[in-house]
Protein chains: 2
Amino acid sequence: MATPCSQCPLRRHPIFKPMSEQDVKAMQKFKVGELIIEAGTPLLIEGSNSPQLFTALRGMGLRYKTTLDGGRQIVNFIFPGDFIGLQAGVMGEMAHSVEASSKMTLCVFNRSEFWNFYKTHPERGFDITWLAAVEEHFLGEALTAVGRRSALEALSWALLRIFLRGEQMGLVHNRSMELPFRQQDLADAMGLSLVHTNKTLSKLRERQLANWSDGQLTINDLAKLAVIAKVELESIPQRPLM
Amino acid sequence: MATPCSQCPLRRHPIFKPMSEQDVKAMQKFKVGELIIEAGTPLLIEGSNSPQLFTALRGMGLRYKTTLDGGRQIVNFIFPGDFIGLQAGVMGEMAHSVEASSKMTLCVFNRSEFWNFYKTHPERGFDITWLAAVEEHFLGEALTAVGRRSALEALSWALLRIFLRGEQMGLVHNRSMELPFRQQDLADAMGLSLVHTNKTLSKLRERQLANWSDGQLTINDLAKLAVIAKVELESIPQRPLM
DNA sequence: CGATGATTTGACGAGCCTCAAGGTACGTGG
DNA sequence: CCACGTACCTTGAGGCTCGTCAAATCATCG
């Protein structure tokens with residue numbers, strides 16, 4: 001039932017660094033199975049030490065941290081191809097929680113094999129570091145967006161980011177893609193209140209820039225949105241796939 | 001003139017994961033020299049592909065990104081022991097710039113040897129991933145601080161963070177430590193204006209919580225400050241030293 | 001058909017930004 | 001030795017963005 005790595009549907013997307021035959025074989029040995037979870041299911045808990053690591057095969061999810069006063073900060077949105085649990089793999093415990101926003105299929109790896117895998121496949125280990133660096137890159141951008149941009153700019157940035165990643169994963173059809181998130185999620189990602197997020201989203205709708213409603217995100221004018229978001233429309237850099 | 005890794009003054013600090021004799025030897029072979037730069041000197045530029053990687057030995061610095069409209073987001077403060085240039089090492093180009101805030105001494109490594117080093121010393125490669133995960137951890141917290149906290153809370157968080165790290169590096173004497181940064185730096189770190197940062201810092205001073213003036217940061221009541229910052233006063237997790 | 005969760009809209013006030021000006025320390029050159 | 005420039009810190013006034021509170025609408029579901 002589980003997809004063999006040689007048939008992995010993710011690998012054909014150009015966002016991922018090509019894998020050698022040996023890489024694929026190594027992953028196949030590392031992979032212990034597949035997991036399917038429903039929308040809303042928690043996958044990893046902040047502070048926990050999961051015995052398993054994952055790669056998202058299908059579906060979307062959220063990484064988030066909870067604050068002492070009950071708040072929630074979305075750290076990132078999870079797309080197919082994202083590696084989940086790296087922090088538990090190296091540091092021994094997660095710094096954020098992970099939860100599914102749609103039905104998800106995940107490749108499962110054993111944490112106990114992680115170091116062994118690293119030692120016998122240093123080139124894959126290098127790729128894991130690369131992935132961590134990509135995440136660091138993204139978080140730096142997110143910090144800039146939250147810290148230095150107005151609500152309109154920040155939300156433009158977020159929608160643009162999501163859309164471009166979706167485009168690269170082949171999830172965009174006719175300028176639209178499915179988004180299983182709630183407005184509250186986006187608000188918690190950009191450090192805005194739900195109310196203000198809602199009003200700002202309608203502003204983007206009025207201006208014919210981006211329309212997110214009924215679980216569908218449609219973007220008409222990428223260029224204009226990029227100007228507001230204050231980003232160059234460069235393609236997202238290639239990354240390894242685990 | 002250059003310090004041999006076996007004599008490295010950083011290793012005695014308990015914040016760093018102990019290194020095996022072999023680790024030390026590996027680093028010694030990887031290290032190609034030392035670099036001393038004056039305060040204000042740029043070390044790495046965003047988008048560049050530095051031929052060299054560094055570890056901060058002495059002194060402090062800043063990591064920052066610049067936005068299209070001329071703004072600046074401080075991504076992190078650099079302390080002795082921090083590894084610099086990882087993104088260039090794996091991704092080929094830096095996502096942020098690095099600059100010295102005080103006179104700094106740096107260990108220098110050759111980027112061209114990076115992959116080779118990784119392959120022949122997978123346990124050190126693992127530690128590099130660990131470092132990247134630590135950075136990811138920190139950026140997640142920073143995002144939470146900027147996104148979900150008021151100016152008073154955010155600045156308390158930042159000063160606390162800096163102070164705790166300084167404490168672990170033995171830089172704190174009699175509840176005080178040197179801070180070579182400007183108020184503008186802290187403002188750019190937390191996404192606040194200089195003016196409001198200034199006023200909020202005086203509020204912390206009035207309330208006898210933290211006093212940062214004349215390049216000295218003094219914290220009297222860590223516990224109270226932690227309450228305002230909304231963090232647990234747990235020690236910072238151990239990390240590898242490169 | 002009541003209950004729950006998500007989205008939407010309005011009113012109001014506070015936190016933070018911007019603009020503006022002044023103060024202090026320090027270095028440089030006449 | 002003093003005038004001047006520069007860099008950083010400080011303080012005040014006014015206004016806009018955004019958060020909070022409150023309530024209505026709508027869809028889904030048992």
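Residue numbers start from 1 in every chain, and the chains themselves are labelled A, B, ... in the order their sequence lines are given, proteins ahead of strands. Quick caveat, the model's predicted, so the values are computed rather than measured.
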Point to revise | Salt-bridge contact A:Arg63-A:Glu99 (side-chain N to carboxylate O under 4.0 Å) | key: no
Check your understanding: Any ion pair linking A:Asp188 and B:Arg148 (charged N to carboxylate O, less than 4.0 Å)?
Key ->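 The answer is yes: the pair qualifies as a salt bridge.
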Expressed in angstrom and rounded to an integer, what is the separation of [X] atom [atom1] from [N] atom [atom2]?
X	N	atom1	atom2	answer
A:Phe181	C:dT7	CZ	P	13 Å
B:Leu194	C:dC19	CG	P	13 Å
B:Asp185	D:dC9	CG	P	8 Å
B:Lys203	D:dC9	NZ	P	19 Å
B:Asn198	C:dA21	CG	C1'	14 Å
A:Met190	D:dT17	CE	P	18 Å
A:Gln184	D:dT20	CD	P	11 Å
B:Asp214	C:dT24	CG	C1'	11 Å

Sugar-phosphate, base or nothing in reach of [X], heavy atoms under 4.0 Å:
X	answer
A:Thr200	nothing
A:Ser213	nothing
B:Arg205	sugar-phosphate
A:Gly191	sugar-phosphate

Exercise for review: Just do the side-chain hydrogen bond (donor to acceptor under 3.5 Å, both in side chains) check on A:Thr67 and A:Gln73 with the steps written out, would you?
Suggested key: CA-CA 8 Å; A:Thr67 58; A:Gln73 174 70 45; over 6 Å; no
Review point. Under the 3.5 angstrom rule, does the side chain of B:Ser102 hit a backbone N or O of B:Pro180 as a donor-acceptor pair?
Key: no
Exercise for review: Say whether, by atom type as modelled, one donor and one acceptor occur between the side chain of B:Arg149 and the main chain of B:Ala229 under 3.5 angstrom.
Suggested key: yes
Check your understanding: Taking N and O atoms by type only, does the side chain of B:Lys199 place a donor or acceptor under 3.5 Å from a partner on the base of D:dG12?
Key -> yes
Proximity to the side chain of [X] - top-ranked nucleotide from [options]:
X	options	value
A:Gln183	D:dG19, C:dT8, C:dT9	C:dT8
B:Leu192	D:dG19, D:dC18, C:dC16	C:dC16
A:Val195	C:dG10, C:dC16, D:dC18	C:dG10

